[in-house]
2 protein chains.
Amino acid sequence: MKATIYDVAREAGVSIATVSQVINGKGKISEERRNEIFGIMARLDYRPSVIAAALTGKKTYTLGLLVPDISNPFFAEMARAVEDQAHHAGYSVVICSTHNEDERIERYLMLLQQKSIDGLIIGTGMDNNDLLTPLVSKDIPIVSIARETRSPHTLPVLVNDYAGGRLAARHLLEQGHTRIAVIAESLKVSSSRERIRGVREALHEAGLELPDAFVSAGGHDLLSEGKRQALALLQPAERPTALFCCNDLLAIGALQAAKELILRVPEELSIVGFDNTILASVTDPPLTTIAQPIEEMGKLAVDLLISELGKAAKKRTHERTVIEPELVVRSSTAAPQ
Amino acid sequence: MKATIYDVAREAGVSIATVSQVINGKGKISEERRNEIFGIMARLDYRPSVIAAALTGKKTYTLGLLVPDISNPFFAEMARAVEDQAHHAGYSVVICSTHNEDERIERYLMLLQQKSIDGLIIGTGMDNNDLLTPLVSKDIPIVSIARETRSPHTLPVLVNDYAGGRLAARHLLEQGHTRIAVIAESLKVSSSRERIRGVREALHEAGLELPDAFVSAGGHDLLSEGKRQALALLQPAERPTALFCCNDLLAIGALQAAKELILRVPEELSIVGFDNTILASVTDPPLTTIAQPIEEMGKLAVDLLISELGKAAKKRTHERTVIEPELVVRSSTAAPQ
């Protein structure tokens, strides 16, 4: 088992605070005692973690991550990627899940600021930029991941949502679909709007339209919303032969709707998702989807945030980081009958 | 849009700290000014959140949640349940994902203690109880969820893992299976050991044995581990006709192994999972699994933790809370050929 700071403290007969002081070259500890404690560390093969250094330093080596719903595998996988990269760089991550409620967003932002994080990553859509004010006024850098905010103080790390929408639509067009409908989480979220714009333009280039009746959005319980909206779109008379869903959870809801309507996927209905979470590879049938490079985005967001730490607000980067999505073809799409 | 403390502060031309003082009846603010600010709150329909009260109080109204891997849907769904219940009770939750590494567990426990949480919920297995010492010495109550620790200072909220193992084995026995193998995450985790004990006893009552060669365990990357271990167990000559996997991710790995070996599920191989996360209902075929009441466990853990807050350590409860699991039959199990 790996030695901890407690093992060192116990072995040396001192408190962990003392061990921490030794590590950081602080405190009133005799040279002899200091060397003795270093000896114990070496013997136990204890490597001090950055957090021990943080005990006495000004930086907290803590990053905050705000997500709208941790039970959505996209954000859970993103949280894991962020935590992994932060850990490699010597930082800890506290994750807060806001359930898309302004009240909880406010609460968590205030909490994170009180808890003295060094930097913040937000994956939560935000209507009210003022909520970021307390962090901005403390010069805490903020990276927004997979979402754009309207605040000039956040550095976005995004997937090219527009290109993702185009990829999905072009795949369906190539298979011969002309009646393509879209299910989105919310038209208030920039990523949904951009994906729909991509679909619309791809259709337009093929001489087709995306009728308003074929765009459906709204609701936070994505699985049941996906089902409900698909059921509404799939009412007979001129129904779509393909659905592009703006995330995998909505697509799974659509799969459930197809089952309920006894429509075979992909023979009678093609479905494309977005995200490529673990869910997409295990569904029945496995889901054709637009892959967001979740791990890469998480890493980039952390690297960018860390590079901004300690810079004065004026010297900060203002570039948008945009990563290209990829089409992953599985078994939920085919030519229309 | 809902008014926030910032809206009130802006409208009143004061800082949010002043608004907070007004809410809490503190600070040197004239009666007149106080009433004016209350008037603005009423006009904007601003309802102060508990966090504002916490700004001036001693309690932080923050709970910590430590999970081994947030990208495992079981823990992500648990985090959501914990956050929801805590929110209803006026508490915020900071989530930390430890990736089962002692170093990260130590780091996050130290961090949470520094950040002055009121109470802690741990879903992480822990070899080294000493890691909890700094929290215990601060009288911070600790609830362990879905895992037992060896520490006398944690209050466990558990599913009856033994009964879960029995349920799985009896379901397979009733279908006529006699060659049942088990894939576990780790034999170091109490829940895995108890589930295997349940399988073993159910088999024993049926006059059967669970041979050592039919118990496989180890590894943290559950999906690839499930596949690897299933491939090893399914080598021909006397191979099992059914696999009980100690969680849904391992079961999905086993489904992938069956696909690779061109073994049809459930005709040629039955698979039972454990957890009943969102994954179980979307796999191909949908997974028969033992349902943990994730939401109920999350709620109970929060309620229990909050009821312990402020109690002196000596007056604390020492009861174990145990919830019964349920068998959910889907399409991954059938009689052996």
Side-chain angles (χ1 to χ4, degrees), chain A residues 1-2 4-7 10 16 47 49-52 54-55 60 62 64 69-73 75-77 79-81 83-84 87 92-97 99 101-104 106-108 110-112 114-116 127-128 130-131 133-134 223 249 252 255-256 278-279 282-286, chain B residues 1-2 4-7 10 16 47 49-52 54-55 60 62 64 69-73 75-77 79-81 83-84 87 92-97 99 101-104 106-108 110-112 114-116 127-128 130-131 133-134 223 249 252 255-256 278-279 282-286:
Chain A
M1 198 185 307
K2 233 177 128 184
T4 69
I5 194 168
Y6 301 103
D7 298 322
R10 195 180 316 107
I16 59 160
R47 284 170 300 145
S49 62
V50 181
I51 196 75
L55 275 173
T60 63
T62 308
D69 181 2
I70 197 68
S71 73
N72 176 342
F75 293 107
E77 292 173 21
R80 164 133 196 173
E83 210 281 336
D84 264 342
H87 179 75
S92 299
V93 179
V94 295
I95 306 162
C96 299
S97 181
H99 297 199
E101 286 177 16
D102 262 10
E103 188 198 343
R104 295 198 212 188
E106 177 188 1
R107 205 166 148 153
Y108 279 116
M110 213 190 265
L111 180 79
L112 288 168
Q114 281 177 281
K115 302 295 182 200
S116 315
D127 295 327
N128 186 353
D130 289 349
L131 297 178
T133 308
L223 208 55
L249 281 167
I252 291 170
L255 280 173
Q256 294 174 344
I278 185 175
L279 293 170
V282 305
T283 54
D284 171 22
Chain B
M1 199 184 306
K2 236 178 125 186
T4 68
I5 193 168
Y6 302 102
D7 298 321
R10 194 180 316 106
I16 60 160
R47 284 170 298 142
S49 62
V50 180
I51 198 75
L55 275 174
T60 61
T62 308
D69 181 2
I70 198 67
S71 73
N72 176 341
F75 293 106
E77 292 173 22
R80 163 130 200 179
E83 210 281 335
D84 265 340
H87 179 75
S92 299
V93 179
V94 296
I95 306 162
C96 300
S97 182
H99 297 198
E101 286 178 13
D102 262 9
E103 187 197 344
R104 295 199 211 186
E106 175 188 1
R107 204 165 149 155
Y108 280 115
M110 215 190 263
L111 179 78
L112 289 168
Q114 281 177 283
K115 301 294 182 201
S116 314
D127 295 328
N128 186 354
D130 289 350
L131 297 179
T133 308
L223 208 56
L249 282 168
I252 291 169
L255 279 173
Q256 294 174 345
I278 185 175
L279 294 171
V282 305
T283 52
D284 173 21

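Naming convention: chains lettered A, B, ... in sequence-line order (proteins, then strands); numbering from 1 in each chain.
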Under 4.5 Å from any heavy atom of chain B - which part of A:Leu255 | neither
Over all atoms of both residues, closest heavy-atom pair of A:Ser97 and A:Tyr108 = O-CE1, 3.6 Å
Write down the atom of B:Ala76, the atom of A:Ala76, and the distance for their closest heavy-atom approach.
-> CB-CB, 4.0 Å
Pair count under 4.5 Å, heavy atoms only, with chain A: among B:Val93, B:Leu223, B:Ile252, B:Val94, highest is B:Val93
Heavy atoms, side chains only, cut-off 4.5 Å: are A:Pro73 and A:Leu249 in contact?
-> yes
Could you pull out the closest heavy-atom pair between A:Ile70 and A:Ile95, with the gap in Å?
-> CD1-CG2, 4.0 Å
Residue among B:Val282, B:Ile278, B:Leu279 with most heavy-atom pairs under 4.5 Å to chain A = B:Val282
Scored by heavy-atom pairs under 4.5 Å with chain A, the best of B:Arg80, B:Glu77, B:Arg10 is B:Arg80
Proximity breakdown for A:Thr283 and chain B, heavy-atom pairs closer than 4.5 Å | both
Please look at B:Leu112 and chain A and tell me whether the side chain, the backbone, both or neither of the residue comes under 4.5 angstrom of a heavy atom of that chain.
-> neither
If one checks every heavy atom of B:Asp84 against chain A at 4.5 Å, the contacting part turns out to be both
From A:Arg107 CZ over to B:His87 NE2, what is the distance, rounded to the nearest 0.5 angstrom?
-> 5.5 Å
CE on A:Met110 to CD on A:Glu106, rounded to 0.5 Å = 5.0 Å
